[in-house]
S.K.: 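Okay, handing you the structure first.
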Amino acid sequence: MAIEHIRLSQQARDQLITLKRRTGIAHWNVLCRWALCRSLAEPAKPPAIKLTLDSNVEMNWRTFGGDLGDVLWAALRLRCHNDGLPLDEETLAQQFRLHLHRGIGYLVGDPRVTDVAGLASVGLGESPAA
């Protein structure tokens, strides 16, 4: 596995603080799992941007993935394969970071995510309330 250590940008850290406050979910890793899955579900590839990983939010892969680590890694590999990307360690690590950061941005910007039920509705694929 290419990713052993995960660090976030300051912007992602600030967005996670907002998500923690809105949802009551206390752990970074849980919110990050939701964010990764949210981005992987998006049909478009994440934009290839330069990320500055300058925050104090760090975790190892085992903490990030928990019991779902192998499943999350397989989902990332499948997504890269479907996007026509190479499956080398560097590409997988970069795509992971891009998906994670994009997913955090999507969650914090989603008007449904005002509480944990709203976060769950995003995960269930429910449409926003009219």
Side-chain angles (χ1 to χ4, degrees):
M1 185 171 307
I3 303 168
E4 292 182 22
H5 189 258
I6 299 161
R7 179 176 243 176
L8 299 176
S9 69
Q10 186 63 38
Q11 179 181 10
R13 177 192 174 277
D14 295 344
Q15 291 171 328
L16 283 173
I17 289 170
T18 299
L19 288 169
K20 285 173 75 169
R21 186 175 57 249
R22 286 182 191 166
T23 64
I25 296 173
H27 300 287
W28 306 110
N29 60 325
V30 173
L31 290 168
C32 287
R33 285 182 213 149
W34 279 89
L36 177 65
C37 291
R38 172 60 186 92
S39 181
L40 290 174
E42 179 67 29
K45 293 180 188 178
I49 58 172
K50 173 108 171 92
L51 295 169
T52 303
L53 308 176
D54 55 351
S55 79
N56 63 351
V57 177
E58 300 180 44
M59 65 191 91
N60 62 34
W61 178 264
R62 185 173 170 90
T63 299
F64 168 80
D67 293 341
L68 299 173
D70 290 342
V71 173
L72 294 170
W73 186 250
L76 176 68
R77 288 180 54 87
L78 178 61
R79 175 58 191 262
C80 288
H81 170 76
N82 290 345
D83 286 344
L85 298 170
L87 300 179
D88 61 276
E89 290 187 4
E90 184 177 330
T91 301
L92 289 167
Q94 178 64 14
Q95 287 298 301
F96 170 79
R97 287 189 292 272
L98 291 173
H99 276 289
L100 178 58
H101 281 79
R102 177 174 77 168
I104 292 168
Y106 279 177
L107 291 179
V108 80
D110 192 314
R112 296 171 289 179
V113 183
T114 58
D115 55 19
V116 74
L119 181 63
S121 74
V122 170
L124 295 172
E126 294 178 7
S127 300

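Here, residue 1 is the first one in the sequence, and each next residue gets the next number. For the numbers below, each heavy atom of this structure counts, side chains included, while hydrogens, waters and symmetry mates do not.
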S.K.: Working to the nearest 0.5 Å, report the span between CZ of Phe96 and CH2 of Trp61.
M.R.: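 Atom-to-atom, Phe96:CZ and Trp61:CH2 are 5.0 Å apart.
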
S.K.: CZ/Arg97 to CZ/Arg102 distance, rounded to the nearest 0.5 angstrom?
M.R.: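 It is 15.5 Å, given to the nearest 0.5 Å.
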
S.K.: Donor-acceptor pair, distance only, cut-off 3.5 Å: does the side chain of Arg33 make one with the backbone of Phe64?
M.R.: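 Side chain of Arg33 to backbone of Phe64, a donor-acceptor pair under 3.5 Å: yes, one is there.
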
S.K.: Could you give me the CA-CA distance, side-chain angles and deciding distance for Arg112 and Leu119, then say whether side-chain contact (heavy atoms from CB on, under 4.5 Å) is met?
M.R.: CA-CA 7 Å; Arg112 296 171 289 179; Leu119 181 63; over 6 Å; no

S.K.: First locate atom CG of Leu87, then atom NE2 of His81, and finally report the distance between them rounded to the nearest 0.5 Å.
M.R.: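 Answer for the CG-NE2 pair, Leu87 versus His81, is 7.5 Å.
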
S.K.: Same cluster for Ile3 and Leu68 if Ile/Leu/Val/Met/Phe/Trp/Tyr side chains link at under 4.5 Å?
M.R.: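 Yes; Leu68 is reachable from Ile3 via cluster members.
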
S.K.: Give, for atom NE2 of His5 and atom OG1 of Thr63, the distance between the pair rounded to the nearest 0.5 Å.
M.R.: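 Here the rounded value is 10.0 Å.
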
S.K.: Do Thr91 and Pro86 have side chains that approach each other closer than 4.5 Å (heavy atoms only, starting at C-beta)?
M.R.: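 They are in side-chain contact.
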
S.K.: Minimum heavy-atom separation for Ala12 and His101, please, with both atom names.
M.R.: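 Heavy-atom minimum between the residues: CB-CD2, 3.5 Å.
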
S.K.: Is a side-chain donor or acceptor of Asn60 paired with a backbone partner of Arg62 at a separation under 3.5 angstrom?
M.R.: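 Answer holds: yes.
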
S.K.: Okay, side chain of Lys20, backbone of Trp28: is any donor-acceptor separation there less than 3.5 Å?
M.R.: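 Between the backbone of Trp28 and the side chain of Lys20 there is no qualifying donor-acceptor contact (under 3.5 Å).
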
S.K.: Could you walk me through whether Arg22 and Asp115 pass the side-chain contact (heavy atoms from CB on, under 4.5 Å) test, one step at a time?
M.R.: CA-CA 5 Å; Arg22 286 182 191 166; Asp115 55 19; over 6 Å; no

S.K.: Above 12 or not: heavy atoms from other molecules or residues under 6.0 Å from CD of Gln94?
M.R.: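 Enclosed.
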
S.K.: Test your reading of the model: is there a side-chain donor-acceptor pair from His99 to the backbone of Leu76, 3.5 Å cut-off?
M.R.: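 It does not hold such a pair.
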
S.K.: Is there a side-chain contact between Ile25 and Val116 in this structure, where contact means two heavy atoms from C-beta onward sitting under 4.5 Å apart?
M.R.: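 A side-chain contact under 4.5 Å exists here.
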
S.K.: Given the rule in the ring pair (Phe, Tyr, Trp, His ring centres under 6.0 Å) test, do Trp34 and Tyr106 qualify, once you have shown the distances and angles that lead to the verdict?
M.R.: CA-CA 10 Å; Trp34 279 89; Tyr106 279 177; over 10 Å; no

S.K.: Between Arg79 (side chain only) and Leu40 (backbone N and O only), is there a donor and an acceptor less than 3.5 Å apart?
M.R.: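 Flag set: sc Arg79 to bb Leu40 pair under 3.5 Å.
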
S.K.: In terms of hydrophobic clustering (I, L, V, M, F, W, Y; side-chain heavy atoms under 4.5 Å; direct or indirect links), are Val57 and Ile6 co-clustered?
M.R.: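 Cluster IDs for Val57 and Ile6 match.
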
S.K.: Between Leu51 and Met59, is there a shared hydrophobic cluster once you connect ILVMFWY residues whose side-chain heavy atoms come closer than 4.5 Å?
M.R.: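 Unlinked, Leu51 and Met59 end up in two clusters.
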
S.K.: Using a 3.5 Å distance criterion without hydrogens, assess whether the side chain of Thr23 forms a donor-acceptor pair with backbone atoms of Leu19.
M.R.: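 The answer is yes, because a donor-acceptor pair under 3.5 Å joins these two groups.
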
S.K.: Within this structure, what is the CD-CG distance for the pair Gln10 and Asn56, rounded to the nearest 0.5 Å?
M.R.: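 With rounding to 0.5 Å, CD (Gln10) is 7.0 Å from CG (Asn56).
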
S.K.: Any non-hydrogen side-chain atom of Leu98 less than 4.5 Å from a side-chain atom of Pro47?
M.R.: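 Contact flag for Leu98/Pro47 side chains = no.
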
S.K.: Taking atom types as modelled, find out whether Ser55 and Arg13 have a side-chain donor-acceptor pair closer than 3.5 angstrom.
M.R.: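 Side chains of Ser55 and Arg13: no pair found under 3.5 Å.
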
S.K.: Grouping I, L, V, M, F, W and Y whenever their side-chain heavy atoms are under 4.5 Å apart, do Trp73 and Val30 come out in a common cluster?
M.R.: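 Looking at the clustering, Val30 is in the same group as Trp73.
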
S.K.: Can you give me the closest heavy-atom contact between Cys80 and Leu92, atom names plus distance?
M.R.: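 Nearest pair, atom of Cys80 first, then Leu92: SG-CD2, 3.7 Å.
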
S.K.: Looking only at non-hydrogen atoms, find the nearest pair between Cys37 and Leu72 and report the distance.
M.R.: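 So the minimum-distance heavy-atom pair works out to SG-CD2, 3.7 Å.
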
S.K.: Looking at CG of Asp83 and CD of Gln95, how far apart are the two atoms once the value is rounded to the nearest 0.5 Å?
M.R.: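 Here the interatomic distance stands at 7.0 Å.
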
S.K.: Using the rule side-chain contact (heavy atoms from CB on, under 4.5 Å), only one of Leu53, Asp14, Leu16 pairs with Leu8; which is it?
M.R.: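 When side-chain contact (heavy atoms from CB on, under 4.5 Å) is applied between Leu8 and each of Leu53, Asp14, Leu16, only Leu16 qualifies.
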
S.K.: For Ile104 versus Cys32, what's the shortest heavy-atom pair and its separation?
M.R.: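 Where Ile104 meets Cys32 most closely, the heavy atoms are CD1-SG, 4.4 Å.
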
S.K.: Is there a side-chain contact (heavy atoms from CB on, under 4.5 Å) between Leu31 and Leu107 once you walk through the steps?
M.R.: CA-CA 9 Å; Leu31 290 168; Leu107 291 179; 5.7 Å; no

